[in-house]
Structure formats: structure tokens, C-alpha cells
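In what follows, chains are A, B, ... by sequence order, proteins preceding strands, each numbered from 1. Source: prediction; values computed, not measured.
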Amino acid sequence: MSPLKRIAYFFGLPILLIALWYALSFGSTNFFVPKPIELAQTLWTTWIGERFVDDVLPSLGRLAVGLFFAIGLGIVLGLLIGSTRWLRNLLEPLLEFFRAIPPPVLVPLLMLLIGVNDSMKVAVIISGAIWPVLLNTVEGVRAVDSVLSDSCRSYGIRGFARIRYFVLPAVTPQIMAGVRQSLSIGLILMVISEMFASSSGLGFTIVQFQRNFAIPEMWSGIVVLGLIGLGLAIIFQFVERRVLHWYHGLKEITHDS
Amino acid sequence: MRNQRSAAAGPKAKALGLGIGGIILFFLIWEATPRLGLVSDRYLPPASEVLGRLGQYLTEAAFWKDVADTMTSWALGLVIATVAAIVVGLIIGSSRFLRRATHTTIEFLRPIPSVALIPLAVLIFGTSIESTLLLVVYASFWQVLLQLLYGIADVDAVANDTAKSYGLGPLARVRYVIWPTALPYLMTGLRLAAAVALILAITAELIIGTPGLGKQIALTQSGGAISSMYALVLATGMIGVLINLGARIIEKRVLSWHPSVRGEVVL
Amino acid sequence: SAGTDTAAPAGSDVLTPVTVGVIPIADTAPLYLGLEQGFFEDEGLDLTIETATGGAAIVPAVVTGDYQFGFSNLVSLMVANDKGLPLKVVNSAVASTGDVESDFGAVIVKGDSPVETLADLDGKTVSGNSLNNIVDTVMRASIDRLGGDSSSISFVEIPFPDASAAVENGQVDAAFVVEPFVTAAIESGQRVISYGYADFDLNLDVAAYFSSAATVEGDPELVTKFQAAMTKSLEYAEANPDAVRAIIATYTATPPEVLAKIVLPKFPTEFNVDAVTALGEAALKYGVVETAPDVSTFLP
Amino acid sequence: MLSVRGLQKIYKVPGGEVEAVRDLTFDLAEGELVCLVGPSGSGKTTLLKCISGLMEQTSGTVELNGSKVTGPPKSMAVVFQEYGRSLFPWMTVRANVELPLKNQKVPKAERAALVDAALKSVGLDHVPKSYPWQLSGGMQQRVAIARAVAYRPQVLLMDEPFAAVDAQTRADLEDLIRTIWKQLGVTILFVTHDIDESVYLGERVIVLSSSPTVVQEDLKIDLPAERDQLNTRALPRFMELRSHVYAEIQRAKLGPVTEQITAQRKASLK
Amino acid sequence: MLSVRGLQKIYKVPGGEVEAVRDLTFDLAEGELVCLVGPSGSGKTTLLKCISGLMEQTSGTVELNGSKVTGPPKSMAVVFQEYGRSLFPWMTVRANVELPLKNQKVPKAERAALVDAALKSVGLDHVPKSYPWQLSGGMQQRVAIARAVAYRPQVLLMDEPFAAVDAQTRADLEDLIRTIWKQLGVTILFVTHDIDESVYLGERVIVLSSSPTVVQEDLKIDLPAERDQLNTRALPRFMELRSHVYAEIQRAKLGPVTEQITAQRKASLK
Ligand SMILES: Nc1ncnc2c1ncn2[C@@H]1O[C@H](COP(=O)(O)OP(=O)(O)OP(=O)(O)O)[C@@H](O)[C@H]1O
Ligand SMILES: Nc1ncnc2c1ncn2[C@@H]1O[C@H](COP(=O)(O)OP(=O)(O)OP(=O)(O)O)[C@@H](O)[C@H]1O
Ligand SMILES: O=[N+]([O-])[O-]
Ligand SMILES: [Mg+2]
Ligand SMILES: [Mg+2]
């Protein structure tokens with residue numbers, strides 16, 4: 001694809017939507033609904049500078065650590081649980097139990113067990129972002145191709161080698177689907193984790209704005225979240241293209257025709 | 001694989017037994033934590049006390065009314081989100097152009113936390129159930145959509161070529177090839193979304209104050225009724241387990257041909 | 001009051017529906033009592049109480065007119081006023097007890113903590129339920145008045161229900177909590193170093209009922225009726241603490257044995273203008289608002 | 001009817017290109033049965049994919065009944081070499097065979113009759129309710145054949161359709177193909193590795209060179225129209241023809257024929 | 001060395017059972033090369049899966065060197081019928097062939113030599129960096145063969161390994177198998193549909209009945225040990241043997257032989 005086309009794809013729909021929003025908000029005076037231009041100005045004045053260093057960067061740091069562990073643990077546990085039936089039977093109800101507990105309820109408990117610190121916030125991020133990776137990995141492991149699986153067994157490829165050379169690559173497409181979900185859920189939980197027992201951070205700041213009726217600032221915070229999400233997605237896409245180049249080659253035989 | 005076969009004698013009973021074993025283990029650890037003084041029982045009451053309180057709740061009509069309220073938002077929200085995601089997903093997923101053109105927008109909107117939309121929800125719908133629904137739908141929509149898009153990308157080239165060569169048009173291919181291929185992904189998406197929908201239903205009730213389990217949790221929290229609060233959290237978790245059980249049953253039926261399901265029967 | 005229970009309001013058969021958004025805590029007991037006692041009906045109002053856990057859900061609903069009235073703490077209302085949000089304070093709601101030895105809000109520390117007064121908190125970590133709001137404003141003001149340095153303190157947000165545990169586990173050195181957590185903390189061996197609201201001003205208005213500018217200007221009659229009913233309710237609550245405790249049990253989850261022991265707030269019918277003025281100035285001083293509210297127009 | 005002109009296909013792979021097919025030109029008349037043989041990797045599958053409109057060629061044209069093929073034409077059916085992956089694992093054998101007919105809105109009764117007949121003709125009338133993954137390799141391949149047969153296409157492209165079936169079944173299926181061909185007047189392009197099969201089945205055999213591919217030989221099979229497994233294969237002419245094809249393939253394998261030589265050969269054939 | 005006794009396999013399918021293999025008993029001596037033929041769906045793949053310990057039989061035993069096979073033995077390699085799905089799509093051709101050796105901790109230099117030799121022997125030394133899905137069907141199948149050959153197993157099970165390759169390559173690969181067999185003394189069980197191939201390759205040919213399967217015929221191939229594509233196939237004895245196998249298969253296809261008859265035949269063979 002030519003760079004020009006790429007740019008058109010990237011900005012096309014967003015520009016269209018912003019134009020629509022601009023048209024719709026033209027005559028509106030609603031206090032809670034921002035206008036595009038006002039929002040853009042607020043975005044600039046609110047987030048560039050000191051606040052970026054004090055609130056956004058530490059949040060991003062926690063997010064990165066949380067995602068790292070969520071993805072790592074999700075894959076490791078997923079491989080374990082997916083390939084061991086008794087473990088799956090043992091843990092599935094429990095995992096479903098924890099998955100159903102809303103983070104705002106979980107936070108006090110984590111505070112109790114871990115304390116009011118960065119580890120707690122990271123734990124909140126892990127507690128929510130792990131599920132898509134874990135679930136997708138488990139399902140992927142369960143669905144590996146039977147002929148490939150037999151090939152491995154007949155060549156005595158077992159244990160760690162089997163995971164490394166067979167299961168992991170085979171499940172990577174599913175894992176990537178999970179990771180992509182985890183990125184945005186992690187971001188959401190970064191906000192939620194800062195809504196409790198916090199005094200700084202992106203999420204904390206957005207909630208402050210919301211409580212203090214700084215509505216344009218609040219929306220600008222939400223836009224920042226969206227932009228961070230977009231940034232994560234772009235990084236992710238880059239990594240995925242690399243990790244799954246064989247998969248895209250395999251699938252695009254027809255897609256390109 | 002070997003142990004899968006040895007489990008063949010009453011595998012269902014065995015699976016159930018293991019699952020229950022896991023739960024019992026969890027409760028034992030929970031019971032021990034405050035009893036051994038690892039955490040003060042004023043902040044984390046022992047499991048037995050919470051279970052007792054839950055037992056009491058189960059006999060109260062008001063509790064069941066709350067459960068019904070929460071489950072209504074959950075079910076409605078999930079259905080709306082799923083249907084919308086399937087329609088949007090199939091449209092976007094089967095066109096390369098749309099896939100590319102919507103990418104930025106989707107990735108921008110997806111990480112916006114539902115909870116940040118609460119003012120907007122209240123602004124539009126007040127504190128009625130629609131506010132909760134908006135949050136539930138927004139959060140679970142993306143889960144289903146994304147899984148579906150990945151599923152559609154996983155369509156086998158040879159299978160798709162076969163369908164094309166037999167003159168199956170785009171719609172027929174969606175129905176006979178793309179849909180079945182994406183179904184396993186969709187089921188995972190649904191299970192993710194079901195949990196997220198429950199979480200958001202409760203969270204919205206908790207924060208906005210629409211009636212349901214979430215509101216009750218908030219009340220017990222602010223009222224300092226700590227074992228009641230944990231009893232309600234427990235109830236929430238149990239609902240999650242039941243939902244997953246239901247999803248598994250549906251999955252077994254819908255995906256009987258899929259390696260993840262058939263593998264356990266044949267091998 | 002037995003008579004008002006059954007007597008239908010003469011003259012008008014049709015009641016005006018009115019919805020009030022509140023937080024289900026002890027502070028709003030008079031509203032529930034007023035509904036129970038028929039004070040609103042007497043004024044021709046058909047009252048519906050909607051609950052929420054915070055201003056985030058109430059304010060937009062009042063602004064859009066879904067609710068005619070709402071309940072919020074005063075500093076939040078000052079902030080809204082500061083941001084130009086079209087809200088109007090219409091009635092007093094709840095205030096400190098006038099007793100520095102016993103109030104419904106308190107700063108607690110661990111039983112064996114070396115901290116004796118607010119002035120000892122310098123350099124320490126203190127929690128409040130929400131920052132840049134009434135709780136930290138009054139704490140800062142008291143600390144600085146006692147010769148401490150509030151800017152050396154790091155404040156963190158911890159919800160009231162979780163604060164006592166955070167104190168116990170050493171995650172914070174002190175915490176501002178309200179009832180029923182004050183009583184619970186004392187019973188578990190923790191100490192109160194300051195009854196925060198009363199320390200700021202013996203009779204500090206903590207929260208108020210508000211409405212939107214549109215309602216206040218467009219339907220002054222409704223506001224007058226609400227104020228009348230509210231005044232009756234507040235007086236009734238102030239005079240009948242047992243009724244207050246009884247009604248709190250109906251809309252919160254606080255166990256009855258705890259309810260019997262908690263310290264109730266005062267339910268004044270008039271604002272303490274001096275205290276509100278001082279609160280406004282403190283809010284300005286600590287950067288919560290950019291301009292202090294003009295109390296003469298801010299209050300009804 | 002089907003005309004391939006100067007077909008070239010270059011696969012783009014990371015770090016280079018693979019010229020699978022260099023320059024293929026040939027015609028199929030209406031109702032012809034042509035066999036295509038060529039070394040492994042010579043581009044037979046590639047060619048079939050281009051003809052069926054599933055893949056775009058790099059240059060050259062494919063025309064069906066005078067109009068360019070740009071997408072899969074409805075009147076064409078393909079039996080894929082990767083039979084296992086061409087069956088839908090979520091459908092029973094019967095549903096797999098029925099699907100294209102259902103899609104064509106063939107009335108139910110007629111559909112049932114066509115499916116039954118097709119399954120019977122490939123010897124699979126006993127497993128309609130099985131799923132493809134419950135079948136042996138040969139059975140799966142026969143399901144794919146039954147699907148194509150039931151579809152009654154105008155043009156039938158088959159990519160090594162008998163690779164996984166036993167000798168006896170193969171003979172039966174060969175006769176089935178010739179019967180269908182004669183009865184329905186369908187145009188068939190049949191890829192096979194079995195030289196005897198190509199001679200026995202085809203009215204013409206096209207031999208491809210090894211990759212980058214050109215047509216190395218286009219041989220008319222002048223055997224009687226009525227063929228029979230025992231007698232036809234015993235004919236001296238059959239022996240001659242198969243030896244010829246065998247020699248050609250061996251020559252093809254020796255290395256890619258240079259364009260020059262091919263050009264010469266083409267000229268000499270005219 | 002390899003001993004199959006009373007092997008039975010019943011597949012459980014929703015709503016019933018499929019008895020794929022009824023009762024198979026035969027032995028392979030150390031270093032034997034035995035071909036297995038039988039109608040499509042007669043359970044050849046099933047049998048191979050049981051022998052290789054990939055699937056558990058319903059009853060009967062498989063013994064390798066005197067000890068029961070309960071899981072895949074390390075000294076055995078299998079070439080699967082579904083070659084396309086047996087290659088790892090995320091690995092290059094070279095990595096696919098190399099993996100089992102790497103897993104066995106074969107030193108790097110030796111590994112490279114083995115892989116190179118194996119790829120060369122199947123005629124794929126020019127594509128080591130391609131991915132399997134960039135290859136033609138026949139090339140994929142040859143990669144699977146190369147992987148098994150490079151592994152140097154004690155027992156080699158091959159399930160129609162030449163189904164997708166052209167005639168010339170097939171002949172080459174047949175000779176390759178016999179060469180490897182003679183050089184390394186490996187025991188080979190080779191499933192094929194091609195009767196000529198079974199006779200040309202094997203020292204023995206086992207013919208299976210159609211499903212539910214029993215051994216219908218166990219035929220010694222008394223051809224000279226040194227075989228050659230042109231001369232051996234022209235031997236009168238070769239013709240006799242292939243006719244015999246052909247007749248047996250035709251008989252097998254007529255319907256499942258009853259256990260009684262099988263028992264009689266077994267008795268008469270002793
Ligand atoms: N997707 C692809 N990417 C790159 N190269 C490819 C791709 N598909 C096929 N090729 C190459 O194109 C050439 C022709 O392949 P094709 O599958 O058409 O051969 P074939 O004649 O069908 O062989 P066979 O008889 O073994 O099936 C081969 O060299 C192969 O490696
Ligand atoms: N997973 C399965 N579930 C149910 N039945 C099966 C399964 N796999 C194979 N079968 C049945 O077992 C029988 C033998 O199958 P098998 O694959 O062993 O045959 P085969 O001899 O290898 O045939 P082919 O030569 O066609 O590959 C067939 O009738 C098949 O339908
Ligand atoms: O979207 N969520 O706020 O979880
Ligand atoms: Mg091919
Ligand atoms: Mg087979």
C-alpha cells in the first residue's frame with residue numbers, strides 16, 4: 001500500500017466523524033457536551049507539560065508492568081490449563097468466579113492484601129487484563145490441529161519442546177486476539193485502579209475533573225485514553241505482523257486475490 | 001491425552017467433582033486467612049460467616065429482586081451488544097476496505113472506560129436502567145466485535161476458495177463458511193463479554209445507584225456491613241460461574257464439530 | 001403529626017411530582033422522614049427519592065431536569081459554581097454537631113500511633129474519600145491553624161469504608177472517616193485525633209440541597225414548596241433522633257446495633273453564613289476553587 | 001470455450017519472487033476432456049486457481065465462452081488437491097455435497113436426488129450423516145468429488161482428485177468421470193500424476209514443463225471413445241501413448257525448458 | 001520386532017460406534033519392508049495410528065521389541081497421509097525437517113548434514129527457506145518424507161507418502177526408500193494404494209479386507225533384492241504378484257469377509 005493510501009485509511013473515518021460531531025454540536029450549549037475546537041484546545045493546555053510527566057507517565061509505567069504480567073501469566077497459565085484437563089476442571093469454576101467480580105469491589109480487597117501502592121494498582125490491571133489472554137490461550141490449546149499434534153508425538157517432541165515448537169506458535173493467532181483485547185482492558189483498569197487509594201495518575205486526574213465539573217478537561221482526558229489505546233494498537237500491530245508473518249502469509253493467499 | 005481417555009468413565013462426574021474440589025479449596029484458604037490472623041476479621045470476615053450471611057440473603061425476597069434487576073440489565077445489555085457486534089463485525093470483517101478504514105476509530109474508542117461515560121449516560125438517560133444498559137453495551141460490544149474480527153480472519157483459504165468456486169456469493173459465504181469458522185472465536189468473545197457485562201451492570205449500579213446487586217453492595221459498603229458486602233460479592237461471583245456454565249453448554253452444542261469439543265470425545 | 005398523615009391536602013387533589021437525588025447516608029435521613037411523615041404531601045409534592053453513590057450521577061440529572069433537586073456537599077457545589085455550572089443552593093441539609101468531642105466525621109489514627117493532634121501529621125500520609133473537596137479542605141485548614149504544615153502532607157483517596165483498614169495496616173497514618181466508621185474505628189481500638197468538621201467550625205454546614213438555575217427561575221413555587229417541606233423535615237429530624245435512627249435502618253445496610261451507637265449530625269434549617277464563608281475562603285486558599293463564592297448569592 | 005493465453009503467475013514472497021508459471025497458452029473446446037500432467041511443483045494447481053478465477057494471474061488472460069474470467073464463474077466447479085481442507089468440518093457429508101445446490105436454489109426434491117446419486121456413484125451412500133473428520137482420507141476425497149459431480153457444472157476442474165483412493169475405486173471413479181463427461185457434455189480439465197490415468201481418461205494430454213512453466217507437449221489421445229479398464233489399457237496404442245507421455249515428463253523434469261526451445265516446439269506443432 | 005495381536009478399534013461417534021478395525025494380527029521382523037494395501041476406509045490409517053501409539057486400540061496389543069506400545073516410541077517416525085496438515089506452517093522447510101533432530105539434541109553440524117542430505121534426496125534442496133504453504137502439494141509431501149528420513153528411525157511408518165507426487169518423482173522416491181532401508185536396516189511399514197508400488201517396494205504385502213477389517217492376505221514378495229524400475233517391473237513374477245494382489249483387493253472390496261472365513265484362511269496359511 002502506498003503511504004498516501006495508508007494515511008487516508010488512518011485518518012479518513014476519524015475526520016469524517018469529527019466533522020459530523022462538529023456539525024451536530026454547532027448550536028448546542030449543553031454544559032456536559034464539549035465542542036471539537038474547545039476540546040482540542042483543552043487537550044493541549046491540560047495534558048502537555050507537567051501533568052504529562054506527573055500523571056500520565058507513571059500511569060503508563062504501571063500499565064506497562066501490569067500488561068506485561070497479565071500477558072505473560074495469561075499465556076503460561078493458559079498453556080497449562082488448556083493442555084491439562086484435570087487442571088481445567090479444577091480451576092475453571094474458580095476462575096469464572098474471580099472473573100465475574102467487578103474491579104471496584106475487588107480494589108478494597110486488594111488494598112487490604114497488598115496495600116495502597118503501585119503494586120496494588122498493577123494487581124488491579126492484571127486481575128482484569130489477564131482474562132482475554134488466558135481464555136483465548138486455553139481455547140487455542142484445546143483446538144490445535146490433530147495431525148500436527150500427532151506429528152509431534154510421533155517424533156517424541158514433548159514437554160517444553162512441544163510447547164515451544166508446536167503449541168505456542170499454533171496458538172499465537174488466538175493469543176494475539178486476546179492480547180489485543182487485554183491492551184484496552186488494561187487501560188480501562190488503569191483508570192479504575194486510580195479511582196481508589198490514589199493521589200495522582202491519569203485515571204485519578206480524569207475522575208477529579210469529572211467530580212469537579214471540569215467537563216472539557218474530563219473529555220480531553222478521555223481523548224488521551226483513546227489516543228493511548230490507539231498508540232498501543234499501533235505498537236501491537238507492528239509486533240503482530242512480525243510474530244504472525246507466517247499466519248498472514250498463509251491466510252492472505254486468498255485474501256489478496 | 002492419555003489422562004483424557006482414562007477419564008472416560010464418568011468424565012462429567014469427575015469434572016464436576018474436580019470443580020467443586022477447587023471451590024472447596026478456595027473457601028478453606030479464605031476461612032484460614034482471617035482465622036490465622038493474617039488479615040483482621042473486621043476487614044475480611046471468615047468464609048463461614050460470609051456464607052452464613054449469603055444463606056440468609058437467599059431467603060430474602062429483596063435479594064432476589066436485586067438479582068433479577070441486575071440480571072435484566074445484564075441480559076438485555078449482552079443481547080444488544082452481541083447482536084450489534086455480530087452485525088457490525090460481519091460487515092466490517094468481510095470487507096478489506098472497511099477493515100482498514102475503521103481500524104483507527106475502533107482502536108480509539110475501544111479503550112475508553114465505560115465508567116468514564118457515566119456522566120454521559122446519566123445525562124442522556126438519568127438514573128434509569130438505560131444508563132446501566134448503555135455502559136453494559138458499550139463495554140461488552142468491543143469484546144465480541146474484536147473476537148469476531150479475528151475469527152473472520154481465520155477462515156481457511158482452501159475452504160473459502162471452495163465456496164467461491166461453487167458460486168457462493170458473499171452472503172452465502174458468510175452463512176456457510178465465515179460464520180462457522182468465526183463461531184469458536186465468537187463463543188470466546190461471548191464468554192468474555194458475559195463477564196464484562198456482569199461487571200459493568202454491577203459497577204453501574206454501584207456508581208449510578210440504579211437498583212440491583214451493585215447498589216446493594218454500595219449500601220453495605222457505606223453502611224459498614226462487611227460480611228453482607230462479601231456475601232453479595234460472593235453472589236456476584238457465583239452468578240459469573242453459572243453464566244459460564246450456561247455458555248459452556250451452549251458451546252458444546254454449537255461447536256460439536258470443533259476440535260476443542262470433539263477432541264475430548266474421540267481421542 | 002398523626003393528623004398530617006391522613007389529612008389530604010385541601011384544595012388540590014393533584015400532587016406535583018418531584019424527584020430528589022440523594023446519597024443514601026445518615027445525612028439525608030430528614031428527607032426520608034419528611035416523606036414518611038407526609039410533609040411533602042402537605043406541600044402538594046409527590047416526592048420520589050432517587051439514590052446515587054456520588055455527585056457524578058446526581059449533578060447531570062439535576063442539570064437536565066430529570067431530578068428537580070439534589071443533595072451534595074458544599075465544596076462540590078462551590079466548585080460547580082466556580083466552573084459556571086448552572087446550579088443553585090436551595091436548602092440547608094446537614095451540619096457538624098457543635099461539639100468538638102463528638103461529631104459524625106473524624107480523623108482517626110491507629111491506637112498506638114504517636115500522632116496526638118492534627119499538627120503531628122506533618123510529612124505523613126492522610127486519606128480522605130475524595131481529594132480537592134470538603135474533607136481535605138477542612139483538614140488542611142485545621143492543620144495550618146494548629147501550626148502544622150498541610151503542604152507537607154500527602155493526601156490519598158480511600159473510600160470511607162476502607163479507610164480504617166488502611167490505618168490499621170499502616171498504609172496511611174491517619175484517615176478522615178464519617179459515621180458509622182467513626183464508631184467502628186473507636187470500638188476497634190483506633191483513636192480520634194480531630195473531629196474534622198467541628199474542628200473547622202462548631203456549626204459547619206457540610207452539605208446542602210440544590211437545584212438547577214432553570215428550575216429555580218422557572219418554577220419558584222416548586223422551590224418554595226420544597227423548602228417548606230424540607231424545613232419541616234429537618235426540624236422533625238432534629239427533634240426525633242430515634243426516628244432518625246429508625247429510618248436510616250430502612251435505606252442503608254448499617255446493622256441496627258451499630259446504628260444505635262453512631263453520632264448523628266445536626267440538621268439545621270438555616271445556613272451558618274460565617275462558616276460557609278470561611279469554607280469558601282479555605283477552598284480558595286487550597287486551590288480547590290479559583291474564586292471564593294459570593295456567599296450572598298451562593299446561598300439562597 | 002476455455003482459452004488460456006500467455007498466462008504468467010509470479011508469487012510475491014518476502015525477499016523475492018517465485019515465477020511459478022511463465023507462459024501458458026492452450027484452448028479447451030466445449031465438451032473436451034483434457035488431462036494435465038507435469039512434474040511436482042510445475043504450477044498445475046496455480047494454473048487451476050487462475051482458470052477458476054480464485055487467484056489473479058500476473059499477466060495473460062483466461063477466457064470462458066469469450067468473456068474474461070475475473071472471479072469464480074458460477075458454471076465451474078473445482079475439486080481441490082487439498083481435499084481435507086476443502087470440506088467444511090462443521091457440516092455432515094450430505095450437507096457438504098448439498099451446499100452448492102442449496103445455494104443455487106435447486107428445489108429440495110431434486111437436490112436430494114442429485115446428492116443421493118452423487119454419493120452413491122462415489123460409493124459413499126452409507127455415510128451421509130458422518131462428518132468429514134470421521135472419514136478416511138480416500139473417503140474425504142470422494143466426498144469432494146461427489147460435491148463437484150452433484151453440482152453439474154459446465155466446466156469441471158479437478159486437481160489430482162484420485163490421489164488418496166485405492167486402485168479399484170480409482171478405476172471405478174475414472175469410469176464415472178468418463179460417463180458423466182459423455183452424459184452431460186461437461187468440459188473437464190483433469191490434473192493427475194498418473195500417466196496411465198491421463199492417457200486412459202483424456203481426449204488430450206497437456207504436459208507441462210517444470211517451473212517456470214510452459215506447455216511442453218499437447219498430445220491428442222486417439223483411442224476409441226468407448227474405453228474400458230481391461231481392454232483399452234491393453235491396446236498397443238495405449239502403450240505407445242503412455243510411453244510418449246512418460247518420456248515427455250522425464251524430459252520436463254530434466255530442467256526448465258528455455259523459452260527459445262519452447263518457441264521452436266510451438267512453431268513446429270503448428 | 002513389531003507384533004500386532006488381535007487389534008480392534010471402535011470409534012465412538014455421537015449416536016453409535018464405528019468398528020473400523022475388527023481383528024488384525026501380523027508381525028514385522030526386524031529390518032523388514034512390508035507394504036499394506038486395502039480398500040479406501042479399510043482402516044490403514046487407523047492401524048498406523050495404533051501402532052505408533054498415537055491412538056489407543058479398543059482391544060488387542062501392539063508390541064515393539066517385546067514391550068507393549070502405550071505411547072509414541074522415540075525410535076519410530078510416521079509420515080502422515082494428511083501431509084499438508086502435518087507440517088508446521090510457522091516454520092520454514094528446513095526448520096520443519098530439523099525440528100525432530102534438534103529435539104533429540106543432535107549436534108548442530110551433524111544435524112545440518114542430515115537435513116541437507118534428506119532434502120536433497122527428495123529433490124528439495126532449492127527451497128529450504130520457503131514455508132510449507134508456499135509449496136505445491138507434492139513438495140509438501142516430500143518435506144514430510146524428508147523429515148522422517150532425516151530422523152533415522154528404527155521403525156518407519158508411511159501412510160500413502162507418494163500420493164501427491166508425479167510419476168517420475170515417485171519412482172525416484174521408491175528407490176530412495178529401498179536404498180535407505182538397505183543402508184540403515186530400518187523396519188518399514190508402507191501404506192499405498194498403488195498395487196505395482198506395493199509389489200515393487202515390499203518384501204511382503206499385507207492386504208486388508210474392507211471395514212470391519214481383518215488381514216485378508218499376507219503375501220511374500222519373492223522378487224530379487226536388487227530392484228530396478230525398468231527391469232523388475234518387467235519380470236513375469238512381478239506381473240503374477242501384482243495380478244494376485246489386484247485380485248485380492250477386488251475380493252476385499254466385495255464386502256467384509258466374515259470372521260469365519262478369515263479364521264479358515266488363517267488356519268490354512270499355517
Ligand atoms: N503461496 C505461494 N507462495 C509462493 N510460492 C508458491 C505459492 N504457491 C505455490 N508456490 C510455488 O509455485 C510453484 C507451483 O506450485 P503449484 O502448487 O502450482 O504446483 P503443482 O504443479 O500443483 O505441484 P504438485 O503436483 O506438487 O501439486 C511451486 O514452486 C511452489 O513452490
Ligand atoms: N475420528 C473418527 N471417527 C469416526 N470414524 C472414523 C474416524 N476416523 C476414521 N473413522 C472410520 O474408520 C474407518 C477406517 O478409516 P481409516 O482412515 O483408518 O481408513 P484408511 O484405510 O486409512 O482409508 P484411506 O485409504 O481412504 O485413507 C472409516 O470407515 C472411517 O470412516
Ligand atoms: O469499561 N469498563 O469501565 O470496564
Ligand atoms: Mg498441486
Ligand atoms: Mg488413510
Side-chain angles (χ1 to χ4, degrees), chain A residues 9-14 17 32 85-86 89-94 96-105 109 112-113 131-132 135-136 139 142-146 173-174 176-177 180-181 183-184 187-188 191-192 195 206 210 218 221-222 225-230 232-233 250-251 253-255, chain B residues 3-4 7 14-15 18-19 21-23 26 39 43-44 96 100-105 107-113 115-116 119-120 123 142-143 146-147 150 153-154 157 160-161 184-185 188 191-192 195 198-199 202-203 206 214 217 233 236-241 243-244 258-260 263 267:
Chain A
Y9 271 125
F10 194 91
F11 290 107
L13 187 58
L17 290 177
F32 288 92
R85 178 140 138 168
W86 65 265
N89 287 333
L90 181 73
L91 293 183
E92 187 164 307
L94 262 192
E96 290 309 320
F97 175 82
F98 282 110
R99 205 155 67 84
I101 296 178
V105 181
L109 190 63
L112 203 59
L113 299 176
W131 303 114
L135 243 62
N136 271 289
E139 295 308 314
R142 278 159 44 106
V144 290
D145 190 285
S146 54
Q174 301 254 113
M176 285 319 231
R180 204 163 141 199
Q181 304 255 43
L183 294 183
S184 58
L187 198 51
I188 289 167
V191 174
I192 292 180
M195 288 166 58
I206 291 174
Q210 184 183 325
M218 176 195 87
I222 290 174
L225 281 179
L227 290 176
I228 294 174
L230 197 58
L232 284 176
L250 184 70
K251 296 295 175 189
I253 292 170
T254 41
H255 295 180
Chain B
N3 48 21
Q4 290 189 3
K14 202 163 173 185
L18 271 174
I23 291 176
F26 163 69
V39 174
Y43 310 126
L44 180 66
R96 208 188 165 110
R100 284 184 180 158
T102 53
H103 186 253
T104 329
T105 312
E107 294 305 330
F108 177 81
L109 290 176
R110 229 154 47 83
I112 292 177
V115 286
L120 188 70
L123 196 66
W142 302 112
Q143 312 275 325
L146 205 76
Q147 287 288 134
Y150 267 88
D154 197 33
N160 199 40
D161 274 355
Y185 284 82
T188 306
R191 292 206 295 133
L192 283 169
L198 184 62
I199 288 173
I202 302 242
T203 306
L206 206 111
I217 289 175
V233 172
T236 308
M238 284 176 173
I239 292 173
V241 174
I243 288 174
N244 185 58
H258 192 254
S260 68
L267 266 185

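- Across A/Gly221, A/Gly226, A/Ala233, A/Gly229, the residue that shares the most heavy-atom pairs under 4.5 angstrom with chain B is A/Gly226.
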Trace of the side-chain contact (heavy atoms from CB on, under 4.5 Å) decision for A/Gln174 with B/Tyr185: CA-CA 8 Å; A/Gln174 301 254 113; B/Tyr185 284 82; 2.7 Å; yes
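- With a 4.5 angstrom heavy-atom cutoff, A/Leu91 does not touch chain B via any of its atoms.
- Counting heavy-atom pairs under 4.5 Å between each of A/Leu183, A/Leu187, A/Ile228 and chain B puts A/Leu187 at the top.
- Looking at B/Leu206, the atoms closer than 4.5 Å to chain A (heavy atoms on both sides) all sit in the side chain, from C-beta outward.
- Only the side chain of B/Ile217 has a heavy atom closer than 4.5 Å to any heavy atom of chain A.
- The side chain to side chain contact (heavy atoms under 4.5 Å, CB included) search around A/Ser184 returns B/Arg110, B/Pro111, not counting sequence neighbours.
- Residue with the most contacts toward chain B among A/Pro93, A/Gly12, A/Pro173: A/Pro93 (heavy-atom pairs, distance under 4.5 Å).
- With a 4.5 Å cut-off on non-hydrogen atoms, A/Leu17 touches chain B through its side chain but not through its backbone.
- The residue among B/Ile243, B/Leu109, B/Val233 with the most heavy atom pairs within less than 4.5 Å of chain A is B/Val233.
- A/Ile206 is listed as a side-chain neighbour of A/Leu225, based on a closest heavy-atom distance under 4.5 Å.
- Every residue two or more places apart in sequence or in another chain that forms a side chain to side chain contact (heavy atoms under 4.5 Å, CB included) with A/Ala177 is listed here: A/Asn136, B/Gln147, B/Tyr150.
- A distance of 15.0 Å separates CZ in B/Phe108 from OG1 in B/Thr102, rounded to the nearest 0.5 Å.
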Report the C-alpha distance between A/Arg180 and A/Leu232 in whole Å, list the side-chain angles of each, state the deciding distance to 0.1 Å, and finish with yes or no for side-chain contact (heavy atoms from CB on, under 4.5 Å). CA-CA 9 Å; A/Arg180 204 163 141 199; A/Leu232 284 176; over 6 Å; no
